Amino acid sequence: MRRHARSVPELLEVEIYRRLAARTLGRPIVGVDAPDAWFLKGGLTEAQVTVALVGRSIVADRRTGKLLLLDLSDDLRHSSATLGLRFGMTGRLLVDGGPMEKLTYGSNRDVPAWDRFSLRFAGGGELRVRDPRRLGGIELDPDEARLGVDATALTAAALGGVLRGSEAPVKARLMDQARIAGLGNLLTDESLWRAGVDPARRAGSLTPADVRRLHHHLRTTLDVLGRRGGSHLGDLMAARVRGGVCPRDATPLLRRTVAGRTTYSCPRHQR
DNA sequence: ATTGTGGCCTGCCCGC
DNA sequence: TGCGGGCAGGCCACAA
């Protein structure tokens with residue numbers, strides 16, 4: 001049997017995680033488990049993150065792009081702080097042992113050894129990051145200024161500004177988290193396919209009409225796939241295999257590396 | 001500054 | 001049946 005359609009934590013998945021994390025708002029943190037030193041970024045240690053978090057609670061859930069931001073309460077001993085969670089390619093968030101949504105690229109097996117970070121709350125609940133591949137990570141007070149505008153808030157004018165004058169492939173610009181935050185490989189390929197834009201095309205070559213069309217399809221892709229439930233539920237997804245054909249016109253799809261990523265596109269209708 | 005490349009991580013799939 | 005290599009992509013360091 002062919003492998004299932006694959007999903008990665010892009011903006012849409014992290015948005016689901018944000019809502020999941022909101023369930024823990026206001027609960028006192030009584031313990032932190034960070035058994036994997038690699039997973040703590042910015043020189044953070046388990047002892048430090050424990051001291052920084054125990055006794056506080058999460059007071060706000062935010063997200064920019066693929067970065068989940070959990071603001072921590074102030075108290076007499078602590079000034080304000082934010083916990084940043086990145087999910088890499090195979091990371092997931094679990095709250096209170098709730099059901100794991102079907103993600104792929106890595107199994108859905110229940111392997112406690114893949115728990116890289118967890119918060120324990122008063123009353124027995126918990127928030128866990130499970131990441132087999134360890135490409136995600138935890139950071140305290142991440143530099144949010146390094147991220148561009150969240151893709152859901154991108155205006156057509158801002159998109160034009162991101163693409164204008166660039167010699168890079170349009171796909172590379174769309175995936176540049178410092179300019180637009182949240183788009184990963186699947187959302188980008190799906191949006192460009194819907195918009196009929198060649199991923200390898202020089203970003204600066206898009207006309208104002210191209211920019212408007214691409215902007216429209218970015219929005220539509222985020223809306224539709226968000227309602228369907230994930231980045232892996234695009235119309236192009238089933239065809240993202242070797243030998244796949246375009247769902248729109250049945251042309252054999254092109255499989256290339258663009259912007260350093262495996263890229264599927266239709267050589268007929270994407271120009 | 002911009003753009004491209006390679007490496008990290010490791011479970012899983014395929015071919016031998 | 002077991003084994004080894006390739007593959008997946010978000011992110012970062014580094015080079016030109």
Side-chain angles (χ1 to χ4, degrees), chain A residues 1-15 17 35-44 63-68 84-93 100 102-117 129-139 142-148 150-151 161-190 192 199-205 230-232 234 236-244 255-264:
Chain A
M1 191 178 92
R2 185 179 291 288
R3 292 185 299 176
H4 275 130
R6 306 281 153 151
S7 166
V8 184
E10 302 187 28
L11 172 159
L12 297 174
E13 284 73 24
V14 180
E15 178 63 16
Y17 297 157
D36 184 354
W38 163 266
F39 212 70
L40 298 177
K41 307 301 181 185
L44 195 63
R63 178 192 60 77
T64 298
K66 306 169 193 174
L67 176 64
L68 178 59
L85 298 85
R86 296 181 186 280
F87 298 91
M89 181 178 168
T90 56
R92 318 162 205 190
L93 190 74
M100 241 179 341
K102 281 273 187 191
L103 268 190
T104 44
Y105 278 131
S107 84
N108 292 294
R109 286 188 295 135
D110 189 40
V111 180
W114 293 339
D115 287 350
R116 309 299 179 187
F117 181 83
V129 177
R130 175 167 290 184
D131 185 1
R133 292 265 298 276
R134 305 167 79 211
L135 286 166
I138 302 296
E139 197 174 354
D143 183 0
E144 301 177 38
R146 292 177 55 198
L147 293 172
D150 188 77
V162 164
L163 302 180
R164 193 172 304 124
S166 171
E167 298 292 323
V170 58
K171 174 166 178 171
R173 279 265 154 159
L174 293 177
M175 291 182 62
D176 182 346
Q177 303 298 302
R179 300 179 193 279
I180 303 171
L183 301 178
N185 201 37
L186 299 180
L187 288 176
T188 305
D189 272 10
E190 175 80 13
L192 290 166
R201 189 166 153 197
R202 187 170 58 84
S205 76
S231 304
H232 60 303
L236 183 62
M237 191 65 208
R240 283 182 63 93
V241 292
R242 290 168 197 266
R255 180 187 188 273
R256 294 173 287 179
T257 297
V258 178
R261 294 292 159 234
T262 299
T263 300
Y264 287 88

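Please read all numbers here as calculations on a predicted model, not as lab measurements. Below, read A as the first sequence line, B as the second, and so on, with proteins coming before strands; counting in each chain starts at 1.
- Annotation for A/Ala181 and A/Gly148: closest pair CB-O, 3.6 Å, computed over non-hydrogen atoms.
- Closest contact between the side chain of A/Val8 and the listed nucleotides B/dT3, C/dG10, B/dG11 involves C/dG10.
- Using a distance-only test at 3.5 Å, with no hydrogens or angles considered, a donor-acceptor pair links the side chain of A/Glu190 to the main chain of A/Leu236.
- Straight-line distance from the CZ atom of A/Arg202 to the P atom of B/dT2: 16 Å, rounded to whole Å.
- When the P atom of B/dG4 is taken as reference, atom CD of A/Glu167 falls 9 Å away, rounded to whole Å.
- If you take NZ of A/Lys41 and P of C/dG10, they are 16 Å apart, rounded to a whole angstrom.
- Of the listed nucleotides (B/dT3, C/dG10, B/dT10), B/dT10 has the atom at the smallest distance from the side chain of A/Arg134.
- In this structure, A/Arg130 atom CZ and B/dG11 atom C1' are separated by 14 Å, rounded to whole Å.
- At the phosphate of C/dC11, neither OP1 nor OP2 sits under 4.0 Å from any side-chain N or O atom of A/Arg261.
- Closest to the side chain of A/Trp38, out of B/dC8, B/dT2, C/dC11, is B/dC8.
- At the heavy-atom level, A/Gly260 lies nowhere under 4.0 Å from the strands shown.
- Interatomic distance, CG of A/Leu174 versus OG1 of A/Thr188, reported as 5.5 Å (0.5 Å rounding).
- Here the C1' atom of nucleotide C/dA8 and the CE atom of A/Met175 are 12 Å apart, to the nearest Å.
- Nucleotide C/dG10 holds its C1' atom 12 Å from the CG atom of A/Leu147, rounded to whole Å.
- One interatomic measurement links the two molecules: CD of A/Glu13 to C1' of C/dA8, which rounds to 15 Å at whole-angstrom precision.
- Partner of A/Lys66 under the side-chain contact (heavy atoms from CB on, under 4.5 Å) criterion, out of A/Glu15, A/Glu13, A/Gln177, A/Arg86: A/Gln177 alone.
- Evaluation of atom-type donor-acceptor distances gives no pair under 3.5 Å for the side chain of A/Arg86 against the base of C/dG10.
- Among the protein residues, A/Arg116 comes within range of no part of the nucleic acid, since none of its heavy atoms lies under 4.0 Å from any strand.
- Within 4.0 Å (heavy atoms only), A/Arg179 reaches sugar-phosphate atoms of the nucleic acid but no base atom.
- The phosphate of C/dA8 (OP1 or OP2) has no side-chain N or O of A/Arg240 nearer than 4.0 angstrom.
- The 12-atom threshold is not exceeded at CZ of A/Arg164, counting heavy atoms of other residues, nucleotides or ligands nearer than 6.0 Å.
- For A/Arg133 and B/dG11, the shortest distance from a side-chain N or O to OP1 or OP2 is not below 4.0 Å.
- Atom-to-atom, CZ of A/Arg92 to P of B/dT10 comes out at 16 Å; the value is rounded to the nearest Å.
- Residue A/Arg146 places no side-chain N or O under 4.0 Å from the OP1 or OP2 atom of C/dC11.
- Remark: the A/Tyr264 side chain and the A/Arg255 side chain contain an N/O donor-acceptor pair separated by less than 3.5 Å.
- Distance from the side chain of A/Met89 is smallest for C/dA8 among the nucleotides B/dT2, C/dA8, C/dC11.
- Between A/Thr90 and C/dA8 there is no side-chain N or O to OP1 or OP2 distance below 4.0 Å.
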